[in-house]
Amino acid sequence: MSAADTLGKLAELLLSGDIEVVDLSARLGPDTPLLKLPPELAVDTPKIEIHTISEYDDKGPFWAWKWLKLGEHSGTHFDAPHHWITGRDYPDGYTDTVPVKNFVAPVNVIDCSKEVAENADFLLTADGVRAWEAKHGPIGKGEWVLMRSDWDRRNRSEAEFLNADENGPHSPGPTVDCIEYILEQGAIGWGTQCIGTDAGAAGGMEPPFPAHNLLHKANRYGLASLCNLDKLPPKGAILIAAPLKIAEGTGSPVRALALVPRA
Ligand code: 23J
Ligand code: MN
């Protein structure tokens, strides 16, 4: 089938609903949970603010509009290579310079929800990824790898989403060897349902924050705070996640979508 015929068929299947569009983004607003770093480490991203300019009133009689105060790394968002010191020198590593082709790619979804339900500190290892591949097929070059934890069920409460105690945050993520392995396989990026691409305990790993460190060192991408991964098949869906074209941006909230064949 020619590319034109294939795209025509895709249009037909989208219109009939045989290919569904699944929303992988969380609602973005003042209650959106935001990352809290240890106070000695850094300054946190500010709370989201949404201000009304006018709403059919004396500030604008016929129109409603708002302005936002919004950190780049807020809610469901994309991490660009320039976000981390290891990726700082890639000219195509900013939100406005990443090739747009990379915003549409096949997606692998590794279901860790049972493990995470029993252990909030669960870490996915390279062996865990290989065991998944033995069952579902190899991770291909240029594909996303997403860790399903069903952590989005906690996102209405910042305390539950961050899940911190006196020892720090408890949330699942990848090991160093997990990220090394998916990069060897040619993955375009790694995404999770937690506040960031790294586990709560990742500050103590070597290197610290291995998902950030290694992905961005390889000029690859991250996605955080994804929703609805329980609605995706292990393989066969296509992920669309495009950051805003922020000038020299390090990341951006995204409306992440998946194209999924109807069961
Ligand atoms: C800044 C510093 C550490 C981390 C992060 C941001 C994120 O998770 C993020 O949103 O990229 S771990
Ligand atoms: Mn981020």
Side-chain angles (χ1 to χ4, degrees), residues 34-45 71-103 105 107-108 110 121 123-129 139-147 168-169 171-226 239 241-254 256:
L34 298 172
L35 184 67
K36 304 275 176 295
L37 289 164
E40 67 279 9
L41 207 57
V43 174
D44 285 327
T45 203
E72 292 175 322
H73 299 259
S74 300
T76 305
H77 74 272
F78 179 94
D79 286 351
H82 192 75
H83 178 42
W84 219 254
I85 188 167
T86 49
R88 65 192 289 173
D89 292 328
Y90 291 111
D92 57 352
Y94 300 85
T95 46
D96 56 333
T97 59
V98 171
V100 292
K101 169 181 199 298
N102 294 341
F103 302 146
V107 58
N108 301 275
I110 303 184
D121 291 304
L123 299 177
L124 181 63
T125 62
D127 278 343
V129 177
I139 288 160
K141 200 170 174 324
E143 298 181 356
W144 281 97
V145 180
L146 306 184
M147 179 182 188
S171 58
T175 59
V176 173
D177 79 339
C178 172
I179 298 294
E180 286 171 342
Y181 179 68
I182 67 159
L183 289 171
E184 278 167 32
Q185 299 309 99
I188 199 167
W190 161 264
T192 81
Q193 302 194 265
C194 299
I195 195 86
T197 52
D198 268 298
M205 295 180 184
E206 192 41 53
F209 307 107
H212 286 83
N213 183 297
L214 302 171
L215 286 167
H216 303 324
K217 182 157 77 185
N219 202 13
R220 305 269 161 80
Y221 319 117
L223 283 170
S225 297
L226 291 165
L239 177 70
L244 295 178
K245 204 168 177 174
I246 298 167
E248 294 175 5
T250 70
S252 160
V254 291

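Just the heavy atoms: all of them, side chains too, but no hydrogens, waters or symmetry mates, feed the values below.
- Using modelled atom types, one side-chain atom of Q193 and one backbone atom of L226 make a donor-acceptor pair closer than 3.5 Å.
- Here the straight-line distance linking atom OG1 of T86 with atom CG of N213 works out to 4.5 Å at 0.5 Å rounding.
- Not counting sequence neighbours, the partners of L123 by the side chain to side chain contact (heavy atoms under 4.5 Å, CB included) test are T175, A199, M205.
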Sequence neighbours excluded and cut-off under 3.5 Å, please list the side-chain donor-acceptor pairs for residues 36-44, or say none.
residue: K36; atom: NZ; partner: L34; partner atom: O; Å: 3.2
residue: K36; atom: NZ; partner: E158; partner atom: OE1; Å: 3.2
residue: K36; atom: NZ; partner: E158; partner atom: OE2; Å: 3.2
residue: D44; atom: OD1; partner: L37; partner atom: N; Å: 2.9

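- For E184, the side chain to side chain contact (heavy atoms under 4.5 Å, CB included) partners two or more places apart in sequence, or in a different chain, are Y181.
- Applying the side-chain hydrogen bond (donor to acceptor under 3.5 Å, both in side chains) test to D92 and every residue at least two apart in sequence or in another chain returns N219.
- When every heavy atom of T45 is checked against every heavy atom of G71, the shortest pair comes out as OG1-CA, 3.7 Å.
- Residues satisfying the salt bridge (Lys or Arg N to Asp or Glu O under 4.0 Å) criterion with D127, sequence neighbours excluded, are R130.
- For Y221, the ring-ring contact (aromatic ring centres under 6.0 Å, His included) criterion is met by F78, not counting sequence neighbours.
- Across all non-hydrogen atoms, the minimal contact from S252 to I246 is CB-CD1, 3.9 Å.
- Residues passing the salt bridge (Lys or Arg N to Asp or Glu O under 4.0 Å) test with E143 are K235, sequence neighbours excluded.
- For residues 190-217, every residue pair satisfying the ring pair (Phe, Tyr, Trp, His ring centres under 6.0 Å) rule, not counting sequence neighbours, is listed here: H83-H212, W84-F209, W84-H212, H212-H216.
- At a threshold of 4.5 Å between non-hydrogen side-chain atoms, the residues L183 and R220 count as touching.
- P208 and G203 get closest at one heavy-atom pair: CB-O, 3.7 Å.
- Among residues two or more places apart in sequence or in another chain, the side chain to side chain contact (heavy atoms under 4.5 Å, CB included) test is passed with A242 by F103.
- Closest approach of S225 to T76, counting heavy atoms only: O-OG1, 2.7 Å.
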Practice problem: Begin with the C-alpha distance, continue with both residues' side-chain angles, and end with the deciding distance and a verdict on side-chain contact (heavy atoms from CB on, under 4.5 Å) for I110 and M147. | Solution: CA-CA 5 Å; I110 303 184; M147 179 182 188; 5.7 Å; no
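- Checked by atom type and distance alone, the side chain of N108 pairs as donor or acceptor with a backbone atom of W144 at under 3.5 Å.
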